[in-house]
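One structure below.
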Amino acid sequence: MACQKCHDLGEIPCESCDKLMPAGMGKRCDDCYWSQRLELETRTNSYLLSSDLMRQAYTAFTIWFKAELGSKTATLKHTHFINFFVHCDELWGKIPCYESLVHEFKPNGLREYLTVLRWLIKTKQVVVDPKIKDQIAEDERIVNLLAKLDGKVPRCIIEYHQYLEQKLLMGKTSLKSVRLALQPAIDLCTKYDIEGLHTPSQEQLDGYLLVKQGQYSALYGFIAFLNKSYGLNLACNKPSKDDVQKLKKKEIEQKMMVLYDQPKPLSDKDELMWIQMSMSYFHQVDIQVKTLRTLPTEPCDEDMFKTVFDQKEYWLPKI
């Protein structure tokens, strides 16, 4: 199919670049249309910038962007990045060093402008310093951790943070270690709504470690700090295997009850989940769903069926 102009005239030269194009496109080819639109929008957006250096930088970026992804993509997407140049214009009047960019935008903020950052790196206007990037990222994670307390930071967390910061200044720990130490302490206080002058109780500590056994080592330092600073006698106890197994069994039981209340018949996926949880709950056998797909099942009576795994028979309840 072709329009009347394309049918009658075939291809004609573009008035801007003289390249042949279908006559029905008008006076300009597709690339010239988008290129001229990009130039117009770039000039218009440049009025948002007060510094000549930033106007030149923004124009250079759009030219690079067009060369990388084509005139149409650059035209449709370049306006998204103008805020980066406006922000730099207001603060510095130029493109600053990488350290200043990371301090101002933070790693998460810079991710929004990765295309601009890629341009800066490729044109050697900034040099990425991985150490600075990691340091700022850790700072941001610590801020986000403290934000979980919603402004109700208990005194014990404030003082523990100050204690860790002092160790950092003395070179006795790293920023990552500070964050890893704060994480379970804040998590513990968040879980049990510990605020103000209150500190965690032994019962709360045991309950937390029962669910988060992997945080034992990281939490040990916080408990030692509390004992020393507040004259407490808290013990950082590893939960016993029996306690962990009881908790796991209780969690599986709750999930099984939810599945039991689902409309029948169950989907194939839910049937496999029922078998998986039944194996764990009744026989303490953990097995992956993909393995269950290959196992034979056989009814035994109205209430039970059996499956064979690792050359052993397992009886399970029907649902």
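Fair warning: this is a prediction, and the values are worked out from it, not measured in the lab.
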Inset, instruction - Hey, can you tell me if Y314 and H283 have their rings parallel, tilted or perpendicular (30° and 60° cut-offs)? - result: perpendicular
Legend entry - Close side-chain approach of F65 and W119, heavy atoms under 4.5 Å: no
Inset, instruction - Can you measure from NZ (K77) to CG (L38) and round to the nearest 0.5 angstrom? - result: 14.0 Å
Legend entry - Donor-acceptor contact present, side-chain Q276 to main-chain Q288, <3.5 Å: no
Legend entry - Parallel, tilted or perpendicular, as decided by the 30° and 60° cut-offs, for the rings of F105 and Y113: perpendicular
Legend entry - Shared hydrophobic cluster, V211 / I194 (ILVMFWY, side-chain heavy atoms < 4.5 Å): no
Inset, instruction - Group every Ile, Leu, Val, Met, Phe, Trp and Tyr by side-chain heavy-atom contacts under 4.5 Å, then state whether I275 and M273 land in the same group. - result: no
Legend entry - Side-chain donor or acceptor of Q213 paired with backbone N/O of L210 under 3.5 Å: yes
Inset, instruction - Treat each ILVMFWY residue as a node, draw an edge where side-chain heavy atoms are under 4.5 Å apart, and state whether F81 and L40 are in one component. - result: no
Inset, instruction - Output yes when a side-chain donor or acceptor of S280 lies under 3.5 Å from a complementary backbone atom of V285, and no otherwise. - result: no
Inset, instruction - Mind checking the CG-OG spacing from D206 to S201? Nearest 0.5 Å is all I need. - result: 8.5 Å
Legend entry - D261 atom CG, neighbour heavy-atom count above 12 within 6.0 Å: yes
Inset, instruction - Provide the closest heavy-atom pair for T59 versus S46 in the form atom of the first, atom of the second, distance. - result: OG1-OG, 4.1 Å
Legend entry - Sidechain-backbone polar pair: K124 side chain, I121 backbone, donor-acceptor under 3.5 Å: no
Legend entry - Derivation of the side-chain contact (heavy atoms from CB on, under 4.5 Å) call for M256 and S278: CA-CA 8 Å; M256 291 179 74; S278 296; 3.5 Å; yes
Legend entry - Distance, nearest 0.5 Å, that separates CG of N83 from NE2 of H80: 8.0 Å
Legend entry - D129 side chain near V102 side chain, heavy-atom distance below 4.5 Å: no
Inset, instruction - Please report the shortest heavy-atom distance between T75 and W34, naming the atom on each side. - result: OG1-O, 3.0 Å
Inset, instruction - For the residue pair Y260 and W274, categorise the inter-ring angle as parallel (less than 30°), tilted (30 to 60°) or perpendicular (more than 60°). - result: tilted
Inset, instruction - State, yes or no, whether a side-chain contact exists between M304 and P317 at a heavy-atom distance under 4.5 Å. - result: yes
Legend entry - Any side-chain heavy-atom pair of H78 and N45 under 4.5 Å: yes
Legend entry - Modelled atom types, side-chain donor and acceptor of N144 and E140, under 3.5 Å: no
Inset, instruction - Kindly give the heavy-atom pair with the smallest separation between D31 and S71, and that separation in Å. - result: OD1-OG, 2.7 Å
Legend entry - Close side-chain approach of I287 to L295, heavy-atom, < 4.5 Å: yes
Inset, instruction - Could you state whether L117 and L53 fall into the same hydrophobic cluster, counting links through intermediate Ile, Leu, Val, Met, Phe, Trp or Tyr residues with side-chain heavy atoms under 4.5 angstrom apart? - result: no
Legend entry - Minimum-distance pair of heavy atoms, taken over all atoms of Q204 and P200: OE1-CA, 3.4 Å
Legend entry - I186-I158 co-clustered via ILVMFWY side chain contacts under 4.5 Å: yes
Inset, instruction - First locate atom CG of L180, then atom CG of L219, and finally report the distance between them rounded to the nearest 0.5 Å. - result: 12.5 Å
Legend entry - Close side-chain approach of L292 to F309, heavy-atom, < 4.5 Å: no
Legend entry - Basic-acidic side-chain contact under 4.0 Å: D52, R55: yes
Inset, instruction - Decide yes or no on side-chain contact (heavy atoms from CB on, under 4.5 Å) for T123 and F61, but give the supporting numbers first. - result: CA-CA 10 Å; T123 54; F61 166 72; over 6 Å; no
Legend entry - Gap between atom OH of Y208 and atom CG of D187 - 0.5 Å precision: 3.5 Å
Legend entry - Side-chain heavy-atom pair I142, L175 within 4.5 angstrom cut-off: yes
Inset, instruction - Kindly compute the distance separating CG (L182) from OH (Y160), expressed to the nearest 0.5 Å. - result: 6.5 Å
Legend entry - Nearest atoms (heavy-atom pairs only) where H198 meets P154: O-CB, 4.4 Å
Inset, instruction - Evaluate the side-chain contact (heavy atoms from CB on, under 4.5 Å) criterion for residues F222 and C156: first the C-alpha distance (whole Å), next the side-chain angles of each, then the deciding distance (0.1 Å), finally the verdict. - result: CA-CA 9 Å; F222 179 54; C156 60; 4.2 Å; yes
Legend entry - Greater than 12 external heavy atoms within 6.0 Å of F305's CZ: yes
Inset, instruction - Return the minimal non-hydrogen interatomic distance between L272 and R293, and the atom names on each side. - result: CD1-NH1, 3.4 Å
Legend entry - L164 vs T173 side-chain heavy atoms within contact, under 4.5 Å: no
Inset, instruction - In sequence, state the C-alpha distance, the side-chain angles, and the governing distance for L114 and R118, and then conclude on side-chain contact (heavy atoms from CB on, under 4.5 Å). - result: CA-CA 6 Å; L114 277 179; R118 188 156 57 91; over 6 Å; no
Legend entry - NZ/K318: more than 12 non-hydrogen atoms of other groups inside 6.0 Å: yes
Inset, instruction - Hey, can you tell me if Y220 and Y216 have their rings parallel, tilted or perpendicular (30° and 60° cut-offs)? - result: tilted
